[in-house]
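Letters A, B, ... are given to chains in the order of the sequence lines, protein chains preceding strands, and every chain is numbered from 1. Not measured: the values here are computed from a predicted model.
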Number of protein chains: 2
Amino acid sequence: MAGKRTGASTGTQAGLSRERVLRSAVAIADERGLAALTMRSLAESLGVEAMSLYHHVANKEAVLDGLVEVVMAEIEEAVAGLDAPEPEDDWRTAMRRRVLAARDVLLRHPWAPSVFETRTGTSLAVARYFDGVLALMRRGGFSYDLGHRALHALGSRALGFSQELFTPDGAGSPAASEAAVAAMAEQVPHLAAMIADASHDGAVLGWCDYQAEFEFGLDLILDGLERLRAAS
Amino acid sequence: MAGKRTGASTGTQAGLSRERVLRSAVAIADERGLAALTMRSLAESLGVEAMSLYHHVANKEAVLDGLVEVVMAEIEEAVAGLDAPEPEDDWRTAMRRRVLAARDVLLRHPWAPSVFETRTGTSLAVARYFDGVLALMRRGGFSYDLGHRALHALGSRALGFSQELFTPDGAGSPAASEAAVAAMAEQVPHLAAMIADASHDGAVLGWCDYQAEFEFGLDLILDGLERLRAAS
DNA sequence: TCGGGGCGGCTTACGCTGTACGGTACGGAC
DNA sequence: GTCCGTACCGTACAGCGTAAGCCGCCCCGA
């Protein structure tokens, strides 16, 4: 009974590979959330036992590193297929396009930010991306010093996400946070008033457009950087 | 033997309380890192069995929520003891002081950002803090709309931390990331050049002053907001 | 044609996690 | 004196990551 291998001739058995493992890991995280990604669930999705994975990845940390790699590859691809102005002509627009392209990718993988956050070690894929950002700024007329400061000022925003302290994304219902704030209106009068103000003068839509807010913050920073660049 | 209770008359036994539990949790995270904070280690530090904790906190999530509460209380205290200008006179300086005071607290608890990140649900303590930030901006002449956008633009920076993609803090040695970049210099020529440039013209110190970079980014955003406020 | 690695999978097992359940000692109310 | 709520302990369980060992298949060299 032992070692029956599925099916008749079996061929290359399950035919695992690092790539197939990582692809499956991304699929699980996309569909069922990062918490559902365990070595066992990952193995099961590949029709294999958990320990078999260790022939292709060192450990779970390596799987998470691989996730970052996959996402960064998607981003690099998106950035490559971009028609943005030459940085020498308009670095600001080129950068904006780049960041928003990265954001598009990240929005397809809501778990990505939290994985990036836990990977403190310098990843080659991430470093290469930032190298590209820095290259863009250099061509746009930045000194290394200002470029360095710009990278810090942008932080994760350069990759397309920012730290939202409330309802990062589809955690609750769209207007769940609005309801939460309403529930503690007495404790947070200004927030409550802000929501009330937004409700009766703006559109009806969930009072908070994260994409628009992201772009606002991004432009604020890019404008500030441009002023410093022009003055230098 | 069973149930010997420590000591003679025992009195109120171990004398746990939600407060004592949370205080101990903060101490463990401070001293041994967030990963070392388990229900068992927490119980042991209080001279108690793991399950006893559940009489004072619902579960581990509740402990983490409590951690946020404790840190926010520290921040509120630090902010309260601040001598900053009245926002009506100079909102920008008042805000700057406030954020840097919060940052001081967070630097004492390096684990705090990662806990904040995982607490997506709207926490009262955090909401109250942002309410205070918004109040400050209102007194400084912000519309609710601009205040709202400002909160988003600041994001976690309002609380004193920003998302660093490389070596958030004491992960490796001070210059570890520099060495890492050097190791892949061919793949990231611009980053390598930037480091080389910084090394020979700036001071010798680890080439990257996170506090200074944080303040740079903060000022960039505050300046941008001031321009928008003045123009509105 | 045959023999033998070694690769790739399975099985088992260990220590760790959070936590459900059921006891048990104590203090205070009646 | 009885009773009950509070606070704590002991045990147990499922699920986690992963170390160690076994076994069958494929490919390569003879």
Using the benzene-type ring in the case of Trp, are the ring centres of Phe130(A) and His190(B) under 6.0 Å apart? no
Rounded to whole Å, please give me the gap between CG in Leu37(A) and C1' in dG17(D). 12 Å
Please classify the nucleic acid contact of Glu49(A) as base, sugar-phosphate, or nothing, using heavy-atom distances under 4.0 Å. base
Using only heavy-atom distances, decide whether a donor-acceptor pair under 3.5 angstrom links the side-chain of Arg40(B) to the base of dG18(C). yes
Taking atom CG of Leu53(B) and atom NZ of Lys60(B), what is their separation to the nearest 0.5 Å? 11.0 Å
What is the distance from NE2 of His56(A) to C1' of dG17(D), rounded to the nearest Å? 19 Å
Pair Arg119(B)-Glu61(B), salt bridge (charged side-chain N to carboxylate O under 4.0 Å, His left out): steps then yes or no: CA-CA 9 Å; Arg119(B) 247 92 288 277; Glu61(B) 282 294 285; 3.4 Å; yes
For the pair made of NE2 in His55(A) and C1' in dC10(C), what is the distance, rounded to whole Å? 9 Å
Tyr54(A) OH to dG9(C) P: how many Å, rounded? 15 Å
Using atom CG of Leu53(A) as one end and atom C1' of dG17(D) as the other, report the distance to the nearest whole Å. 11 Å
Could you state the CE-P distance from Met51(B) to dT6(D), rounded to the nearest angstrom? 17 Å
Heavy atoms from C-beta onward define the side chain here; which of dC16(D), dT18(D), dG18(C) lies closest to that of Asn59(A)? dT18(D)
So if I take every side-chain heavy atom of Val48(A) and compare against dT18(D), dG9(C), dT19(C), which nucleotide ends up nearest? dG9(C)
When rounded to whole Å, the CE to C1' distance for the pair Met39(A) and dG15(C) reads 17 Å
Answer with yes or no whether the side chains of Glu19(B) and His56(B) bring together a donor and an acceptor at under 3.5 Å. no
